[in-house]
Amino acid sequence: MRSFSAAFVCIVFFVAASSSITDHDVSEGRAILEPFEPFIPEVMAPEFIGRIAGLAPASNGWVVLDAGNNRLVQLNQHGQAVSTFGQRGQGPGEFMQPNQVRTHNLDTVQFDAPPAESWVYDRGTRRLIRFQARAEAQQITLSSNADSFCLQDDRLFVASGPANQGLIDMYNFEGELLREGIGPVDTVMVDGYRGRPASALSVENNVHLECLDDEVLLAVYANRPLVRKIDRTGEVLQEWTLSGGILDVVAQRREEMISRSLEQSDGQGYPTVPIAWNTTLLDDGSVLIALPSAQFHRINPSTGEQSWYVYQDVQNMNSDASFLNLWHITSSAQDGHLLAADPQEAMLYRVTLEDE
């Protein structure tokens, strides 16, 4: 989870999701999980021992960003590790604090090399690091810290961190800044907050980015039930308010949570209500959102149709908890299965979405 030095973060985990449907375009389903235990040969040891910081599809499996070991692990569809890349450091292909991975041009992957293009954002050095088959790792130093990034055919879109209030910058693959300050900055602020306005703006405008095509982005707001379709110039083309399941519970309790947060911080900490941990694009162009609860949420930007999927009855293999918290989710380039990660337990799960 992201942290803000001047923001008080209020996180509430809900064990059960609401069964009420607030809109006729919102449907309910279930996420069926199957534990996915990777096999990592001794020559690639150690196994996952730290936080999983991200997932991305490969042509015959997935790439796992193993932040505990500062490396990428490429898994085939059976869970066998076929290659690892990266190590701790500040040189080419090295990480200090990696926290997001994206893949590109999956059809040219080779198992004796990294996926044809794997991009990793390293918060520790404020760099985007690009791995390519049969090529030395390249790096781009960003103008500010980033919350998220996505890839188009020849462009990088980066959602800047608190210093830039969540605006989006566009780079080419050589690292040249082509456009900055893309997108809206909403001046949302709750009553009773007396801290710095910049802290409130950075929290409310924190987004997860998905690149739909060469011209259109999806911005999923981390602390608001809001998704926007944005073009390259920053114009908002369309937007949706998310609802259904846990989001309805949050909406019902939001005022209570905000009041309690303001009281505990004497009005100085901005009261956030986390909505989205992570996102991924599915084959039909819809975006799937991992919520801070036992739920995924899906929205189709072409139709506006929404679905929510619960998985609260699944047991974590490594603990007695009755509740999983899957922060990361990604699609598959081959068999249609999704892969999700519990970063705190360093556990992976294959996911199938079933509509009721």
Side-chain angles (χ1 to χ4, degrees), residues 1 10-34 55 148 206-210 212 218-229 238-257 272-316 321-332 336-343 348-356:
M1 177 185 171
C10 172
I11 307 174
V12 177
F13 296 102
F14 297 91
V15 174
S18 166
S19 61
S20 63
I21 300 297
T22 59
D23 189 287
H24 70 279
D25 288 329
V26 183
S27 61
E28 179 181 357
R30 292 184 59 77
I32 308 302
L33 306 189
E34 175 189 356
L55 306 170
S148 67
N206 180 4
V207 300
H208 303 282
L209 287 182
E210 293 290 347
L212 283 182
L218 279 183
V220 179
Y221 285 72
N223 300 294
R224 286 190 279 164
L226 179 65
V227 175
R228 282 175 168 156
K229 184 189 291 186
Q238 202 169 359
E239 66 179 39
W240 303 270
T241 298
L242 303 180
S243 63
I246 198 66
L247 296 172
D248 294 339
V249 177
V250 171
Q252 293 168 6
R253 299 185 58 183
R254 185 180 179 90
E255 294 304 318
E256 174 189 341
M257 296 161 66
T272 66
V273 182
I275 299 297
W277 281 155
N278 210 270
T279 62
T280 191
L281 283 179
L282 303 182
D283 290 342
D284 64 356
S286 61
V287 62
L288 190 68
I289 307 167
L291 306 183
S293 64
Q295 183 177 318
F296 299 119
H297 199 88
R298 182 177 188 173
I299 181 167
N300 188 325
S302 297
T303 65
E305 181 181 0
Q306 299 185 41
S307 305
W308 53 278
Y309 304 87
V310 295
Y311 56 88
Q312 72 266 22
D313 60 341
V314 179
Q315 292 280 334
N316 191 314
S322 60
F323 173 79
L324 285 174
N325 187 29
L326 301 178
W327 286 23
H328 303 291
I329 183 79
T330 194
S331 60
S332 170
H337 285 285
L338 306 173
L339 190 69
D342 176 348
L348 297 172
Y349 296 86
R350 290 181 71 158
V351 179
T352 303
L353 302 180
E354 292 188 351
D355 295 299
E356 295 186 355

Q. Can you name the side chain to side chain contact (heavy atoms under 4.5 Å, CB included) partners of E255, sequence neighbours left out?
A. none
Q: Would you sort out whether V250 and V273 count as a side chain to side chain contact (heavy atoms under 4.5 Å, CB included), showing the intermediate values?
A: CA-CA 8 Å; V250 171; V273 182; 3.4 Å; yes
Q: Specify the closest pair of heavy atoms between W327 and A290, including all atoms of both residues, with the distance to one decimal.
A: O-CB, 3.7 Å
Q | Residues which pass side chain to side chain contact (heavy atoms under 4.5 Å, CB included) with T303, listed by chain and number, not counting sequence neighbours | A | N300, E305
Q.
Would you compute the distance between atom CD of Q306 and atom CD of E28 and round it to the nearest 0.5 angstrom?
A. 14.0 Å
Q) At their closest point, which heavy atom of P301 faces which heavy atom of L212, and how far apart are they? A) CG-CD1, 4.2 Å
**Q.** Reported CG-to-OG1 distance for the pair L348 and T330, which is rounded to 0.5 angstrom
**A.** 11.5 Å
Q. Taking C-beta and beyond as the side chain, do F296 and L291 meet within less than 4.5 Å on heavy atoms?
A. no
**Q.** Heavy-atom side-chain contact between Y309 and V351 under 4.5 Å
**A.** no
Q) Are E239 and K229 side-chain neighbours, meaning at least one heavy-atom pair lies under 4.5 Å? A) no
**Q.** Within-4.5 Å side-chain heavy-atom neighbours: V227 and L242
**A.** yes
Q | Straight-line distance of T280 OG1 to H208 NE2, nearest 0.5 Å | A | 12.5 Å
Q) Is any side-chain heavy atom of L247 closer than 4.5 Å to a side-chain heavy atom of I275? A) yes
Q: Write down the atom of V26, the atom of G244, and the distance for their closest heavy-atom approach.
A: CG1-CA, 4.0 Å
Q | Separation between CG of N206 and OG of S148, rounded to the nearest 0.5 Å | A | 7.5 Å
Q) Side chains of L226 and V220: does their closest heavy-atom pair fall under 4.5 Å? A) no
Q) Can you name the residues that form a salt bridge (Lys or Arg N to Asp or Glu O under 4.0 Å) with R298, not counting sequence neighbours? A) D284
Q) Got more than 12 heavy atoms from elsewhere within 6.0 Å of CG, D355? A) yes
Q: Would you mind telling me which of T279, L353, L281 makes a side-chain contact (heavy atoms from CB on, under 4.5 Å) with L288?
A: L353
Q | Approximate separation, where rounding is to 0.5 Å, of T352 OG1 and E34 CD | A | 7.5 Å
**Q.** Exercise: identify the closest heavy-atom pair between Q295 and W308
**A.** NE2-CB, 3.3 Å
Q: With side chain to side chain contact (heavy atoms under 4.5 Å, CB included) as the test, would you mind laying out the steps for S286 and I299 before giving the verdict?
A: CA-CA 6 Å; S286 61; I299 181 167; over 6 Å; no
Q) Can you name the nearest heavy-atom pair linking A276 to P292, along with the distance? A) N-CD, 4.2 Å
Q: Output, in order, the C-alpha distance, side-chain angles, deciding distance and verdict of side chain to side chain contact (heavy atoms under 4.5 Å, CB included) for L326 and Y349.
A: CA-CA 9 Å; L326 301 178; Y349 296 86; 3.9 Å; yes
Q) How about W240 and R228: do any of their side-chain heavy atoms sit closer than 4.5 Å? A) no
(Q) Are L339 and H337 packed together at the side-chain level, in the sense that at least one heavy-atom pair is separated by less than 4.5 angstrom? (A) no
Q | Approximate separation, where rounding is to 0.5 Å, of S331 OG and L338 CG | A | 7.0 Å
